[in-house]
Amino acid sequence: MMIGITDAGGGMRASYGAGVFDFCLDHGISFDVLVGVSAGSANMASFLARQRGRAIKYYTDYCFRSEYLGVKAFLKSGNFLNLEYICGPELAMEGGEYPLDYETMISSGSEFLVVATDAKTGRPVYFDLSDMPKNDFGASIASCCVPIATAPYEFHGSLYYDGGLSDPLPFQKAFEKGADKVVVMITRPRDYYRKTKKDILPAKLLRKYPAIRKALAGRAELYNRQLDEAKNLERQGKVLILAPDSIEGMSTLKRDKGAILKLYEKGMKDAEALVSFLEH
């Protein structure tokens with residue numbers, strides 16, 4: 001039986017997924033197909049590299065640095081959110097403070113996909129390991145480009161925004177890749193449904209990218225539909241939804257170390273449900 005897992009990311013809330021994956025490393029749980037969105041793709045890279053604790057270190061340390069988020073980041077990179085600092089030579093690359101164990105990741109035997117949104121078409125694009133050479137984190141950067149906070153990222157000759165705009169809960173892609181059962185990880189409570197009005201202002205500011213404006217305008221409807229589909233599959237035993245009971249007041253870019261660690265601990269605890277799901 002092939003087992004898949006998806007991680008919807010969610011900026012700093014994705015520390016929840018870091019907890020889930022550390023639980024999996026502690027208990028020898030592996031997956032055949034992994035599909036990551038935004039920060040979820042970074043969680044998955046550390047997991048496949050078998051670097052327990054690496055992802056939460058980023059959320060509780062490196063993401064608090066002024067080079068990553070804020071005025072200093074903007075002055076250096078032109079973006080309020082400097083993803084190239086987090087994924088660059090100072091931290092993630094060979095010789096950095098906490099580099100990814102690339103050789104272990106690519107030898108995992110798992111299929112790893114990263115979702116990004118094409119800025120021109122508004123459609124999802126799925127990068128795989130062939131798009132991830134050593135010391136090149138372009139796929140993850142593309143997947144993490146939050147509209148307004150960052151400009152679209154150029155990768156492989158095209159511009160990309162956050163994968164959550166076009167495929168926020170990509171469990172269907174995991175099934176397409178052969179998974180028989182899929183763990184669907186989200187970073188809001190399972191009964192939370194998005195509201196369109198939250199995306200109206202960002203959409204209006206993106207005149208240069210009409211397809212992204214349209215994707216933003218339809219994001220709530222897409223997310224809510226996918227969540228309902230996941231719940232239906234969960235009733236059939238094909239999906240397990242892992243979601244925190246509370247986000248501890250966290251928003252996508254909020255930096256609250258106590259809340260981040262609470263979400264991480266919730267992920268560690270909630271991941272216990274994996275054991276029975278994978279046995280049946």
Side-chain angles (χ1 to χ4, degrees), residues 2-11 14 17 20-21 30-49 55 83 87 92 100 102 105-147 150 152-187 209 211-212 214-216 218-219 221-223 225-227 229-230 233 238-239 241:
M2 290 184 63
I3 305 298
I5 187 168
T6 65
D7 187 339
V20 171
F21 284 119
S30 61
F31 302 95
D32 302 290
V33 183
L34 301 93
V35 188
V37 180
S38 194
S41 66
N43 288 343
M44 288 177 168
S46 292
F47 169 72
L48 290 174
L83 296 166
C87 296
L100 180 74
Y102 180 78
M105 182 186 77
I106 63 169
S107 63
S108 66
S110 300
E111 183 157 11
F112 177 29
L113 302 177
V114 175
V115 189
T117 302
D118 188 301
K120 184 177 181 179
T121 67
R123 300 293 301 164
V125 175
Y126 304 90
F127 299 114
D128 60 26
L129 284 171
S130 69
D131 300 300
M132 306 176 208
K134 189 172 185 177
N135 292 325
D136 185 343
F137 295 89
S140 283
I141 294 174
S143 183
C144 291
C145 280
V146 178
T150 67
Y153 185 72
E154 185 175 356
F155 186 59
H156 288 355
S158 297
L159 295 174
Y160 295 97
Y161 270 117
D162 194 303
L165 298 177
S166 55
D167 196 359
L169 303 180
F171 56 89
Q172 291 294 354
K173 177 58 66 172
F175 281 121
E176 287 176 19
K177 289 296 180 176
D180 299 292
K181 301 174 75 171
V182 179
V183 179
V184 178
M185 199 188 319
I186 56 180
T187 53
Y209 301 101
I212 295 299
K214 184 177 180 180
L216 264 171
R219 178 166 63 165
E221 180 183 356
L222 174 60
Y223 177 90
R225 184 174 71 250
Q226 288 184 328
L227 181 58
E229 291 171 357
L233 289 170
K238 297 179 180 178
V239 154
I241 298 173

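- Looking at heavy atoms from C-beta onward, F137 lies out of side-chain contact with L83 at the 4.5 angstrom threshold.
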Evaluation steps, side chain to side chain contact (heavy atoms under 4.5 Å, CB included), between Y209 and K120: CA-CA 7 Å; Y209 301 101; K120 184 177 181 179; over 6 Å; no
Intermediate values then yes/no, side chain to side chain contact (heavy atoms under 4.5 Å, CB included), R225 and L222: CA-CA 5 Å; R225 184 174 71 250; L222 174 60; 3.2 Å; yes
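- When all heavy atoms of D131 and F127 are compared, the closest pair comes out as OD2-CA, 3.3 Å.
- With values rounded to the nearest 0.5 angstrom, S110 atom OG is found 9.0 Å from L129 atom CG.
- Between the side chains of S140 and S41, at least one donor N or O sits under 3.5 Å from an acceptor N or O.
- Looking at D32 and E111, their side chains never come closer than 4.5 Å, going by heavy atoms from C-beta outward.
- Q226 and D167 are linked by a side-chain donor-acceptor pair at a separation below 3.5 angstrom, with hydrogens and angles left out of the test.
- Looking at I186 and L169, their side chains come closer than 4.5 Å, going by heavy atoms from C-beta outward.
- The SG atom of C145 sits 8.0 Å away from atom OH of Y153, with the distance rounded to the nearest 0.5 Å.
- In terms of the salt bridge (charged side-chain N to carboxylate O under 4.0 Å, His left out) criterion, K238 has no residue partners (sequence neighbours excluded).
- Contact annotation: the side chain of P152 never approaches that of Y160 to less than 4.5 Å [non-hydrogen atoms, C-beta and beyond].
- Considering all non-hydrogen atoms of both residues, N43 and A55 come closest at OD1-CB, 3.7 Å.
- Note on ring orientation: taking the six-membered ring where Trp is involved, the planes of F31 and F47 are tilted (angle from 30° to 60°).
- Between the side chain of D180 and the main chain of M2, a donor-acceptor pair closer than 3.5 Å is present.
- With values rounded to the nearest 0.5 angstrom, K134 atom NZ is found 8.5 Å from I106 atom CD1.
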Set out, in order, the CA-CA distance, both residues' side-chain angles and the distance that settles side chain to side chain contact (heavy atoms under 4.5 Å, CB included) for Y126 and V114, then state yes or no. CA-CA 5 Å; Y126 304 90; V114 175; over 6 Å; no
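- Shown here for A39 and C144, the closest heavy-atom pair between the two residues is N-SG, 3.6 Å.
- Residue A139 comes nearest to M132 through the heavy atom pair CB-CG, 4.3 Å, listed as atom of the first residue, atom of the second, then distance.
- For the residue pair S143 and G36, the shortest heavy atom distance occurs at OG-O, 4.3 Å.
- Residues K177 and L34 form no side-chain contact, since every pair of their non-hydrogen atoms from C-beta on lies 4.5 Å or further apart.
- E176 pairs by the side chain to side chain donor-acceptor pair (under 3.5 Å) definition with K173, not counting sequence neighbours.
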Could you walk me through whether F175 and L233 pass the side chain to side chain contact (heavy atoms under 4.5 Å, CB included) check? CA-CA 11 Å; F175 281 121; L233 289 170; 3.8 Å; yes
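- Screening V37, I5, L113 against M44 for a side chain to side chain contact (heavy atoms under 4.5 Å, CB included) leaves a single residue, I5.
- Between F171 and E229, the closest side-chain pair of non-hydrogen atoms falls below 4.5 Å.
- Using a 4.5 Å heavy-atom threshold, the side chains of M185 and V20 count as touching.
- Annotation: side chain of L216 is in contact with side chain of L165 (closest heavy-atom distance under 4.5 Å).
- Taken to the nearest 0.5 Å, the CD1 atom of I212 stands 7.5 Å off from the OG1 atom of T121.
- Side-chain N or O atoms of S38 include none that pairs as donor or acceptor with a backbone N or O of G40 at under 3.5 Å.
- Minimum interatomic distance between A174 and T6 (heavy atoms only, all atoms of both residues): CB-CG2, 4.4 Å.
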